[in-house]
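Working notes for the structure below.
All values derive from a computational prediction rather than experimental measurement. Here is the naming used below: chain letters follow the sequence lines, and residue numbers restart at 1 for every chain.
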Amino acid sequence: MKLLRSLLALALGLSLGLAVTAMAGENPWHVLQVLIKGAFGTRYDLGMTLFYMTPLLFTGLAVTVAFRAGLFNIGAEGQLTMAALAAAAVGVLFPNVSAGWAWLFAFSAAAFVGGGWAAIAGWLKARRGSHEVISTIMLNFIAASIASYVTLYVLKNPETQSPETLAVGPGYFLPQIPGLGDSPVSGALVCGLLSAAVLSWVFERTRWGFEMKVVGQNESAARMAGISVGRVQILAMTLSGILAAGVALGEVLGSAHRFKLGFSPDYGFIGIAVALLARGSPLAVIPSAFLFGALHKGTADLDIETEHVTRDLTLVIQALIIATVSAEGLWDIWARRRNIKIKQKGAQAHG
Amino acid sequence: MDEMLSLLGSTLRLSAPLIFAAMGGLLSERSGVIHIALEGMMMVGGFAAAVATLSFHSPLVGCAAAVIAGLAFSALYAALVIPFRANQVVAGTAINFLAAGVVPSVSKLLYGNTGSTPSIPLDERLHWAGPVVGAIVLVAGLALLLAKTPVGLWIRFAGEHPHALASAGVNVIRVRFLSVLAAGALAAMGGATLSLSLSSAYSRNMTAARGFMALAALIFGKWKAWPAFAACLLFGFAEALQNRLQGVALPWKPDETIPVQFIQMLPYLVTLVVLAGFVGRSRAPKALGTQF
């Protein structure tokens, strides 16, 4: 049922998005071909799809974990920015750490800063009642300013005009996944897949996953059951920020080996669509992130391959998918029909 | 003194878009519908206003276009959250995404780029006094509407006790739908103020989270018209101060200026602090965010 609903939403979102391109004067069939060829045409294209899938896995999981506790984290963008900046800072300031330790070191810094950045919003929500949507949006803008300052004034690479930091030490480089035509897919993808599995275990098998669910579904029931709602909210937000920090693995350690200002094409926001399509299941985030990675790679080619349609189409498709997945009433109509059929069958059996 | 007056002037000018959006949010949220999509409404409003002004050489046509665009997008939002009962925060985010995607797509079709519209000639822009006076009149009008008229009472009841309102024979769905529609039109006017009066074109993402600041102002203002207006003035002041501080020397290092990044974060920081400091004491409409 869940799966069917997601698939239908996906189909509806995609076809409406393509219908929009027809209104813009493009042949939607051609647009679809560009999308598919762009995402899977060659080994390199597939590699780039997996490359974009990696951060989306992390941000999709980040939004999922917050959502479970009833929080809407639209601040993954700020959290991943702060985390990637922290990972790059560690790699620049301590360049001689050997591989293995360096990864742990850089990720710890990223997780600490990204988790802390999200914890601010969690604390504000739990203790001061600030709506997390507004506070995380504000934190996104503040993070962007901080990143710009640190990149341009503190860790600036003097050899280039582009706004980026110095390179991290070679010990920090994550190994690449071979066979994908020089695309920058790194071990970060494996980390993302493992995170989804671990999170699924946390959700299904631990007390903590259960507490988050109760808080998310019924705050007053959680309070009655003796769960500290505020604590669960803060922890869920922190975990969400730590997951968003995973983006630093693929970007800073896996491909760019430095912090580049504006490296993220709104991974944090696409993560919302990834999570909503996955409907709360960490394992479902994997195919969902793959789809949105493919969509991102495919639409990137629209700027060149079509006359009127740009990569902004991906935002329209995301919006349509989110809207259709979340429109409960749309699915009720369908479910009601089914229920009537089931009831009729039941009546026949009794009769 | 001159300095003070000009700071006051720019505070008023910069508050106007926030006031329009916050008043839109006021109508929607008092009727029980959370309005995260104010940001998207401002985007489409600002863009539509610039396009129409460029084509018809009249800022009034521009404003009308903004209202129409805002109505169209809020009709979509209202349809999602009222009959289709989507989670209001999630659906609002979807509408924000949609606006962020549709605006550059249309811009590409009309002007061949996704960045900003061509510049609007000086004599076709909106004089700053228009939106400022309009915003203040709007606040006064809404305060009266909510407090003194039957329609205002319906809106408040739709947000507090929708079932009581329904028992009195009023169509709650219709009250909420119309409130959300009006909210979209007002927020779009806020966007039009941005592109026609505070600037010379619509440029990509020029709303810069003002829709969310307007929501914060609404919460800070306890979902009441005049207090929300005051909160908008505070955020407008932070923005005016931000413009004023650019290029100012550091007090302890006279040969260096304050890094622009720290100045830029000022309005966002103020919003965050205000939201954290005062929200606990303000009470949302009882049925806010619930389905009917």
Side-chain angles (χ1 to χ4, degrees), chain A residues 17 20-21 23-25 67 72 74 120-121 123-124 127-131 133-135 137-150 152-153 266 269 272-273 276 303 307-333, chain B residues 34 36 39-40 76-77 79-87 89-109 113-114 208-209 211-213 215-216 219 259-272 274-282 291:
Chain A
V20 169
T21 66
M23 291 199 301
F67 216 64
F72 197 41
I74 59 174
I120 298 174
W123 183 84
L124 287 173
R127 303 283 178 250
R128 313 291 316 169
S130 320
H131 199 295
V133 166
I134 302 174
S135 55
I137 282 281
M138 299 302 142
L139 285 165
N140 283 348
F141 279 86
I142 296 171
S145 287
I146 293 175
S148 160
Y149 179 76
V150 173
L152 296 177
Y153 295 104
D266 284 347
F269 289 100
I272 298 170
L276 289 171
D303 288 354
E307 210 172 318
H308 305 299
V309 183
T310 64
R311 64 178 67 203
D312 297 303
L313 179 67
T314 171
L315 271 166
V316 176
I317 295 177
Q318 280 170 41
L320 293 169
I321 292 175
I322 297 177
T324 26
V325 168
S326 64
E328 298 291 334
L330 200 65
W331 307 98
D332 280 1
I333 300 167
Chain B
I34 302 176
I36 296 288
E39 178 80 3
L76 195 61
Y77 175 64
L80 274 175
V81 296
I82 301 171
F84 287 124
R85 302 197 318 284
N87 176 319
V89 178
V90 173
T93 303
I95 297 292
N96 284 336
F97 278 29
L98 191 66
V102 164
V103 166
S105 300
V106 177
S107 175
K108 168 86 178 172
L109 277 178
N113 75 65
T114 59
F212 294 97
M213 283 184 196
L215 276 183
I219 297 170
V260 65
Q261 286 85 0
F262 290 102
I263 299 171
Q264 277 167 348
M265 69 173 82
L266 194 68
Y268 306 107
L269 210 56
V270 169
T271 309
L272 198 65
V274 161
L275 202 59
F278 302 92
V279 158
R281 273 169 261 159
S282 86
Q291 314 286 357

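Between A:L313 and B:S105, the shortest heavy-atom contact is N-OG, 4.5 Å. Closest of all the heavy-atom pairs between A:R128 and B:A276 is NE-O, 2.8 Å. Residues A:V316 and B:G101 share a closest heavy-atom pair of CG2-C, 3.7 Å.
A:L315 is not listed as a side-chain neighbour of B:L98, based on a closest heavy-atom distance of 4.5 Å or more. Considering only heavy atoms from C-beta on, A:I134 comes within 4.5 Å of B:I219 through its side chain.
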Step by step, work out the side-chain contact (heavy atoms from CB on, under 4.5 Å) result for A:L152 and B:Q261. CA-CA 10 Å; A:L152 296 177; B:Q261 286 85 0; 3.6 Å; yes

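Neither the backbone nor the side chain of A:I317 comes within contact range of chain B; no heavy atoms are under 4.5 Å apart. With a 4.5 Å cut-off on non-hydrogen atoms, A:T310 touches chain B through its side chain but not through its backbone. Only the side chain of A:I137 comes within contact range of chain B, with heavy atoms under 4.5 Å apart.
Rounding to the nearest 0.5 Å gives a distance of 4.5 Å between CZ of B:F212 and CD1 of A:I74. For the atom pair CD of B:Q264 and CD1 of A:I146, the computed distance is 12.5 Å after rounding to the nearest 0.5 Å. Here the CZ-OG distance, from B:F262 to A:S148, works out to 9.5 Å after rounding to the nearest 0.5 Å.
When each of A:G25, A:A327, A:A144 is scored by its heavy-atom pairs under 4.5 Å with chain B, the top score falls to A:A327. Contacts with chain A were tallied for B:Q291, B:K108, B:M213; B:K108 has the most, counting heavy-atom pairs under 4.5 Å. With chain A as partner, the option from B:V81, B:I36, B:V103, B:T93 having the largest number of non-hydrogen pairs under 4.5 angstrom is B:T93. Ranking A:L124, A:I142, A:I322 against chain B, the residue ahead of the rest is A:I142, based on heavy-atom pairs under 4.5 Å. No other option in B:A91, B:A79, B:A209, B:A99 has as many heavy-atom pairs under 4.5 Å with chain A as B:A209.
Of the residues listed (B:L272, B:L275, B:V274), the one engaging A:M138 in a side-chain contact (heavy atoms from CB on, under 4.5 Å) is B:L272, and it is the only one.
In this structure, B:F97 and A:F269 have perpendicular ring planes: the angle between them is above 60°, well past the 30° mark.
With sequence neighbours excluded, the residues that form a ring pair (Phe, Tyr, Trp, His ring centres under 6.0 Å) with A:F67 are A:F72.
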